Amino acid sequence: MAGETHLIRAYGDRRDDGVIQLSFTLPVPLSDKAKEAARRFCTQLGLLDVKVAAAEPAADNYTFFVVYGRADVSLDYAGIDVPEIVFRKLGFDDLNKLIEDRIARRVVVLGACTGTDTHTVGIDAILNMKGYSGDYGLERYPWFEAYNLGSQVPNEELIRKAEERKADAILVSQVVTQRVDHKLALELGFDAGFGPGTKPSDVANYIVHALLKKMGKEPEDLHFEGEPG
Ligand code: B12
C-alpha cells in the first residue's frame, strides 16, 4: 500500500540477520597477523561480528580472504521505484522468426578484436558457430550475417569493412583494457558494453531489439532479460 515501508536486510543464516560474505585480497603474506588485518579491515568497513572463514595465499606477499560479518544496514524496498518494461529474452528460433517477420532481411554484424589486442577467444565465443557454453554463436543464426575479422584489426579497417557491408552492428572486443563495463562503454560512446560471462544469445537479442527501436518498431524504453545494465 502507498506509503508503507518494506525494510529488507541481508540474509545469511536467518531472516534479517544481516550476515554477508566478502572476499578480497590484501598485499601481505598469509599469517595470523594478516587474518587480524582482514578482520580489522572489515570492521572499518562497518561490519560487526567479523569472522575470517578462509585465508589463502594468492601470490607471494598476497593473501585472499573470505570473511563473514553482520551489516547493520536495512533499506526500504518499497521506496525503490525503477520503471521498466522487461521482455523475456527470445530463444534461437523465436529470435530468428522475429527478424524474418519484423526486419525481413538478414541482420549484418561485423566483429573484431581491435588495435594490438590478440585475445580472440572472447569475440570467437560470441560470433563463431560453436558459440559459448552451449549457446550458439551469431554465425549459426540463419537471420544473421555475421563476420568475424579476428584479432589485431585496425579500427579504420573495421569501420571501412562495416561500411562496405552496410553493417547493422559492429562488435569490438577489447580484452586488454582498464576494465571497461557497460557504464564506461556508454560513456565512451558505445551503445552497450558486454563483460565476462556474456552469452551470444544476449548479444543477438540486444542487437535485434536495438535495431527494431532504431527502426521505430519497438518502444524506446523496452528492456529485455540479459540486457547489460
Ligand atoms: C588466453 C589469454 C591470452 C592469450 C590469448 C590467446 C587468444 N587467441 O585469445 C595470449 C597468450 C596471446 C595472451 C596474451 C596477452 N595477455 Co592475455 N589472457 C588470456 C587469459 C588467460 C584468458 C582470456 C580468455 O580467453 N578468456 C575466455 C573468454 C571466453 O573470456 P572473455 O575474453 O572475457 O570473453 C567473454 C566476454 O568478455 C565477452 N566478450 C569478449 N569480447 C567481447 C566482444 C563483444 C562485442 C561482446 C558483445 C562480448 C565480448 O564474451 C565472451 C564470452 O562470455 C586472460 C586471463 C583470464 N582468465 O581472463 C589473460 C589476460 C586477458 N591477458 C592479459 C594480458 C596483460 C596479456 C598480455 C599483455 C601479456 C603480455 N605481457 O604479453 C598479452 C597481450 C597480447 C596482445 N597483444 O593482446 C591480462 C589483461 C589485463 C587487463 N588489464 O586487461 C589478463 C586479464 C591476464 C591478467 N590477469 O593479467 N593472453
Side-chain angles (χ1 to χ4, degrees), residues 23-27 56-65 87 89-92 95-96 98-99 106-141 143-214 222-229:
S23 58
F24 54 92
T25 301
L26 292 178
E56 300 289 337
D60 288 354
N61 295 318
Y62 288 84
T63 304
F64 176 78
F65 299 95
F87 272 61
K89 188 174 106 176
L90 294 179
F92 185 85
L95 190 65
N96 279 295
L98 179 74
I99 301 171
R106 298 176 80 195
V107 175
V108 181
V109 176
L110 260 75
C113 195
T114 57
T116 59
D117 204 320
T118 62
H119 295 84
T120 48
V121 181
I123 194 75
D124 291 354
I126 301 300
L127 288 174
N128 288 3
M129 284 278 192
K130 70 179 182 321
Y132 183 67
S133 67
D135 195 90
Y136 291 151
L138 273 57
E139 283 172 356
R140 181 78 73 107
Y141 286 66
W143 283 88
F144 271 99
E145 200 180 310
Y147 301 94
N148 185 349
L149 306 186
S151 72
Q152 297 195 314
V153 177
N155 292 314
E156 303 72 26
E157 186 189 331
L158 178 58
I159 302 296
R160 189 171 49 71
K161 289 217 169 113
E163 280 167 350
E164 264 170 33
R165 295 193 184 278
K166 299 190 174 38
D168 296 296
I170 302 174
L171 305 188
V172 174
S173 187
Q174 278 283 297
V175 176
V176 180
T177 68
Q178 301 320 315
R179 302 275 175 272
V180 174
D181 58 14
H182 178 59
K183 189 166 166 298
L184 183 53
L186 293 178
E187 284 164 22
L188 294 170
F190 291 93
D191 294 299
F194 291 82
T198 300
K199 292 239 177 71
S201 54
D202 298 332
V203 182
N205 269 266
Y206 174 79
I207 293 170
V208 173
H209 287 296
L211 197 51
L212 286 169
K213 281 183 196 176
K214 217 166 149 196
L222 175 138
H223 294 279
F224 64 95
E225 290 161 301
E227 183 177 313

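The figures that follow rest on heavy atoms only: side chains count, while hydrogens, waters and symmetry mates do not. Note that the coordinates shown come from a computational prediction; the quantities given were computed from them, not determined experimentally. Remember, it's 1-based here, ligands and their atoms both numbered in the order they're listed.
- Heavy atoms only, all atoms of each residue included: Tyr136 and Tyr141 are closest at O-CE1, 3.6 Å.
- When only interatomic distances are considered, the shortest N/O to N/O separation between Ile126 and ligand 1 does not fall below 3.5 Å.
- Atoms of ligand 1 found under 4.0 Å from any heavy atom of Val203 (numbered from 1 in listed order, with element): 47 (C).
- Atom OH of Tyr147 has more than 12 heavy atoms from other residues, nucleotides or ligands within 6.0 Å.
- Less than 4.0 angstrom separates some heavy atom of Thr120 from each of these atoms of ligand 1: 7 (C), 8 (N), 9 (O).
- Near Val172, the atoms of ligand 1 lying under 4.0 angstrom from a non-hydrogen atom of the residue are 43 (C), 45 (C).
- Heavy-atom distances between Gly195 and ligand 1 reach below 4.0 Å in at least one pair.
- Evaluated by nearest non-hydrogen atom to atom 43 (C) of ligand 1, the leading choice among Ala125, Pro200, Ser173, Gly122 is Ser173.
- Remark: side-chain polar atoms of Asn96 are paired, donor with acceptor, to backbone N or O of Trp143 under 3.5 angstrom.
- For ligand 1, the atoms closer than 4.0 angstrom to any heavy atom of Pro196 are 36 (C), 37 (O).
- In this structure, the side-chain hydrogen bond (donor to acceptor under 3.5 Å, both in side chains) partners of Glu157, at least two apart in sequence or on a different chain, are Lys161.
- Scanning Thr116, Val175, Leu171, Leu138 for the heavy atom closest to atom 45 (C) of ligand 1 points to Leu171.
- The shortest N or O to N or O distance between Lys199 and ligand 1 is not below 3.5 Å.
- Per-residue contacts place Gly197 under 4.0 angstrom from the following atoms of ligand 1 (heavy atoms of the residue considered): 53 (O).
- Summarising the geometry of Thr116 relative to Gln152, their closest heavy-atom pair is O-NE2, 2.7 Å, with the distance given to 0.1 Å.
- The backbone N or O of Pro27 sits nowhere less than 3.5 Å from a side-chain atom of Asn61 that would complete a donor-acceptor pair.
- For the atom pair CD1 (Ile126) and CG (Asp135), the distance works out to 8.0 Å, reported to the nearest 0.5 Å.
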